[in-house]
Amino acid sequence: MTGPATAASDTPRPGGDQRIPLVTGDRVVVNAEGRMVGFEAARGREHIPVQVQRIKDRTLVVPSDAQPLIAAGRLDQRLFDLDVLTDARLRESHRDGLKLIVRYEGGAGAARAEVRAAGDTQLRRTFPTLGADAIRTSPDDITKVWDALTDRRSSGLRASAPGIGTVSRTAASPRRR
């Protein structure tokens, strides 16, 4: 099943709907069963089409500007997978903001500085041997991080910004007993 996403109303629905942020800053609205019931585009992204795709037993909600980055292996598809995004452990882990791992390449000094300076982004850990950072950004600043990670081409499509290798999600921490 593939189709455009629909806008969600601003009023909460009964049953505990949740707004789950995507790395693009957009939000997917899911009901208590984890089913998508709406989509809220981030400010300035209202014109970007979104595809809802059902692949095997997975539901992906992918804005069109993220699709080429996923296809090129630069952006982790799990960042748009509702089954992953609605996992209770991941939601708890990301309660204070979206956590990402950004791998840099080439002369990445400027890219690294731009990502770290995007809004309220906090450096959680550096992985020097991987050339990567684990970062956390507040829900209000996710779009700023998306802009730092990507580069809008004259065609209107996005590519990874110079110096950005890959972007993936962090795994949920196992519960301690």
Side-chain angles (χ1 to χ4, degrees), residues 20-28 39 41-45 47-53 55-56 58-87 89-174:
I20 299 175
L22 299 176
V23 66
T24 57
D26 305 312
R27 286 178 167 47
V28 179
F39 182 84
R43 180 177 290 168
R45 295 182 49 80
H47 65 285
I48 297 174
V50 175
Q51 291 295 311
V52 177
Q53 303 168 334
I55 300 174
K56 296 184 182 178
R58 314 303 276 183
T59 300
L60 303 176
V61 181
V62 184
S64 65
D65 59 344
Q67 289 173 340
L69 296 170
I70 293 169
R74 299 281 188 171
L75 192 58
D76 187 345
Q77 177 175 285
R78 296 174 299 172
L79 290 164
F80 304 94
D81 184 330
L82 281 187
D83 295 313
V84 171
L85 296 172
T86 57
D87 178 84
R89 289 181 304 149
L90 183 69
R91 297 286 301 137
E92 178 64 23
S93 172
H94 289 217
R95 180 177 23 108
D96 296 329
L98 184 66
K99 296 177 183 176
L100 301 169
I101 297 176
V102 180
R103 188 183 56 77
Y104 301 95
E105 62 185 17
R112 188 181 303 262
E114 187 174 351
V115 169
R116 289 179 179 180
D120 186 27
T121 298
Q122 297 173 357
L123 178 64
R124 297 178 54 237
R125 187 169 180 191
T126 298
F127 303 98
T129 57
L130 300 175
D133 286 340
I135 63 169
R136 178 175 48 122
T137 188
S138 72
D140 295 334
D141 290 328
I142 294 172
T143 304
K144 292 175 186 171
V145 171
W146 176 247
D147 288 341
L149 294 170
T150 60
D151 184 26
R152 183 173 295 284
R153 304 295 170 139
S154 60
S155 64
L157 295 176
R158 287 199 182 252
S160 54
I164 302 296
T166 59
V167 179
S168 58
R169 69 174 185 85
T170 61
S173 301

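Note that the structure is predicted; figures quoted are calculated from it, not measured.
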About how many Å separate [atom2] of [Y] and [atom1] of [X], when rounded to the nearest 0.5 Å?
{"X": "L123", "Y": "R112", "atom1": "CG", "atom2": "CZ", "value": "8.5 Å"}
{"X": "L98", "Y": "T24", "atom1": "CG", "atom2": "OG1", "value": "9.5 Å"}
{"X": "R78", "Y": "S168", "atom1": "CZ", "atom2": "OG", "value": "6.5 Å"}
{"X": "Q122", "Y": "D133", "atom1": "CD", "atom2": "CG", "value": "13.0 Å"}
{"X": "I135", "Y": "L100", "atom1": "CD1", "atom2": "CG", "value": "5.0 Å"}
{"X": "E105", "Y": "R74", "atom1": "CD", "atom2": "CZ", "value": "4.0 Å"}

Indicate yes or no: at least one non-hydrogen side-chain atom of [X] is less than 4.5 angstrom from one of [Y].
{"X": "R27", "Y": "P139", "value": "yes"}
{"X": "F80", "Y": "D26", "value": "no"}
{"X": "V167", "Y": "L79", "value": "yes"}
{"X": "L85", "Y": "V28", "value": "no"}
{"X": "W146", "Y": "D65", "value": "yes"}
{"X": "V102", "Y": "I164", "value": "yes"}

Identify the two heavy atoms, one from [X] and one from [Y], that lie closest to each other, and give their separation to 0.1 Å.
{"X": "A134", "Y": "F127", "result": "CB-CE1, 3.8 Å"}
{"X": "I48", "Y": "P63", "result": "CG2-CB, 4.2 Å"}
{"X": "L22", "Y": "I142", "result": "O-CG2, 3.3 Å"}
{"X": "A161", "Y": "A148", "result": "CB-O, 3.5 Å"}
{"X": "A42", "Y": "T143", "result": "CB-OG1, 3.5 Å"}
{"X": "D76", "Y": "R169", "result": "OD2-N, 3.8 Å"}

Review point. Checking D81 side chain against L60 main chain: does a donor-acceptor pair fall under 3.5 Å?
Key: no
Check your understanding: When you look at CD of Q77, are more than 12 heavy atoms from neighbouring residues, nucleotides or ligands closer to it than 6.0 Å?
Key -> no
Point to revise | Heavy atoms from other residues, nucleotides or ligands near CZ of R124 exceed 12 (cutoff 6.0 Å) | key: yes
Exercise for review: Please test V84 against R58 for side chain to side chain contact (heavy atoms under 4.5 Å, CB included), starting from the C-alpha separation and ending with a verdict.
Suggested key: CA-CA 9 Å; V84 171; R58 314 303 276 183; 3.5 Å; yes
